[in-house]
Number of protein chains: 2
Amino acid sequence: MIDDQVGDVLTALADPTRRSLLDALAVAGQASATVLAAGLPVSRQAVVKHLQVLEAAGLVTGARSGREVRYVVRPDPLDATADWLAARSAAWDRRLRSLKRAAEAPPAAP
Amino acid sequence: MIDDQVGDVLTALADPTRRSLLDALAVAGQASATVLAAGLPVSRQAVVKHLQVLEAAGLVTGARSGREVRYVVRPDPLDATADWLAARSAAWDRRLRSLKRAAEAPPAAP
DNA sequence: TTGACCTGCTACCCGAGGGTTGCACGTTCT
DNA sequence: AGAACGTGCAACCCTCGGGTAGCAGGTCAA
């Protein structure tokens with residue numbers, strides 16, 4: 001079950017601060033927590049916590065370079081989650097059509 | 001900006017109870033809060049609250065039928081969110097490739 | 001070597017949200 | 001009419017998560 005990973009990604013993405021954090025990281029390519037905090041209305045510690053959540057979800061990886069940690073965005077889990085959502089949507093759609101057909105078709109059975 | 005709707009969908013999907021609620025609704029086609037509560041380890045009121053969140057996100061609609069309210073799943077917002085995520089992932093990917101190319105290619109600097 | 005800088009804890013505050021209970025109201029069945 | 005069922009509202013707990021402040025430790029540059 002990759003279901004857990006999807007759950008982590010969804011909870012990670014549920015927070016607006018985390019979303020803008022990811023956006024900032026994407027345009028910067030790589031950045032440290034301190035740099036990222038400078039562009040957001042929150043403290044560095046808050047950014048660090050968010051980065052931990054994002055890293056746990058696999059959306060980001062941090063690599064130490066001397067005295068700073070460079071974080072980089074990882075598109076793969078996002079992609080997987082998108083697929084998961086699309087599959088869900090398709091399944092629901094099929095299910096709804098099937099039920100609708102079943103409700104319309106048989107005028108038999110008084 | 002459909003950004004807000006995506007945010008609502010993500011926060012709605014972040015909760016495990018809400019996800020299983022959606023699954024149950026999808027297989028049932030339509031169901032009332034009381035019926036749904038019977039299949040989950042939470043009270044009816046909790047289910048009602050979750051359904052309100054889901055309805056606000058557009059993932060579900062409730063229609064009154066006599067003394068009960070039948071809820072039905074709506075795949076569209078899910079689909080839109082999946083597209084949004086896929087677009088994000090693709091954008092990040094392009095950005096990463098671009099930066100990598102820029103880092104490797106130019107030993108020249110005008 | 002010393003000072004400046006960035007990171008990594010730890011402890012703490014506080015509001016939001018998931019969950020519950022209890023009761024009043026409309027609807028259906030007998 | 002009366003009983004049974006489903007819904008809606010309101011008040012209330014309590015945990016969790018986002019946010020902050022403060023301090024210790026590693027790393028780079030004068």
Side-chain angles (χ1 to χ4, degrees), chain A residues 3-25 28-73 77 81, chain B residues 3-25 28-73:
Chain A
D3 227 57
D4 294 349
Q5 182 179 352
V6 172
D8 287 348
V9 172
L10 288 174
T11 48
L13 257 46
D15 187 81
T17 304
R18 247 146 16 210
R19 286 199 295 271
S20 36
L21 198 51
L22 284 174
D23 285 342
L25 243 189
Q30 66 180 22
S32 66
T34 309
V35 171
L36 289 171
L40 289 178
V42 294
S43 71
R44 177 184 65 90
Q45 282 77 355
V47 172
V48 170
K49 280 193 184 179
H50 284 307
L51 285 173
Q52 287 173 350
V53 174
L54 291 172
E55 192 164 24
L59 287 167
V60 124
T61 48
R64 178 151 223 133
S65 166
R67 70 178 155 182
E68 63 181 8
V69 179
R70 305 260 182 77
Y71 286 92
V72 181
V73 97
T81 305
Chain B
D3 227 57
D4 294 349
Q5 182 179 352
V6 171
D8 287 348
V9 171
L10 288 174
T11 47
L13 258 45
D15 187 79
T17 305
R18 239 130 44 193
R19 286 200 296 271
S20 38
L21 199 50
L22 284 174
D23 285 342
L25 241 189
Q30 65 180 22
S32 66
T34 309
V35 171
L36 289 170
L40 289 177
V42 295
S43 71
R44 177 184 64 92
Q45 299 300 339
V47 172
V48 170
K49 282 191 183 179
H50 284 307
L51 284 173
Q52 288 174 350
V53 175
L54 290 171
E55 191 163 25
L59 287 167
V60 124
T61 48
R64 177 151 225 133
S65 166
R67 72 177 155 184
E68 64 180 8
V69 179
R70 306 258 182 78
Y71 286 92
V72 182
V73 97

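FYI, side chains are in, hydrogens and waters are out, and symmetry mates aren't considered; it's all heavy atoms of this structure.
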Please give me the minimum heavy-atom distance between [X] and [Y], naming the atom from each residue.
X     : Y     : answer
A:A31 : A:V35 : CB-CG1, 4.3 Å
A:V72 : A:Q30 : CG2-CB, 3.9 Å
B:A14 : A:T11 : O-CG2, 3.3 Å
A:E68 : A:R70 : OE2-NE, 2.9 Å

(message) I'd like to compare against my own output: the B/S/- annotation of nucleotides 14-20 of chain C with a strict under-4.0 Å heavy-atom distance to protein.
(response) ----SBB
(message) So, applying side chain to side chain contact (heavy atoms under 4.5 Å, CB included) with A:L13, which one of A:L10, A:V9, A:D15 is it?
(response)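 Only one option passes, and that is A:V9.
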(message) If I take atom CG from residue A:D8 and atom OG1 from residue A:T81, how far apart are they, to the nearest 0.5 angstrom?
(response) 9.5 Å
(request) To the nearest 0.5 angstrom, please state how far the CG atom of B:L21 sits from the CG atom of B:L25. (result)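 Reported to 0.5 Å precision, the distance equals 6.0 Å.
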Check residues 39-61 of chain A and write down every donor-acceptor pair under 3.5 Å in which the side-chain atom is one partner and the other belongs to a residue at least two apart or another chain.
{"unit_1": "A:S43", "atom_1": "OG", "unit_2": "A:A46", "atom_2": "N", "d": "3.4"}
{"unit_1": "A:H50", "atom_1": "ND1", "unit_2": "A:R18", "atom_2": "NH1", "d": "3.2"}
{"unit_1": "A:E55", "atom_1": "OE2", "unit_2": "A:G62", "atom_2": "N", "d": "3.3"}

(request) In whole angstrom, give the distance that lies between atom CG of B:L51 and atom P of D:dG6. (result)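 These atoms are roughly 15 Å apart.
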(request) Could you list by number each residue of residues 55-68 of chain B showing a heavy-atom separation from DNA chain C of less than 4.0 Å, or answer none if no residue does? (result) B:G66, B:R67
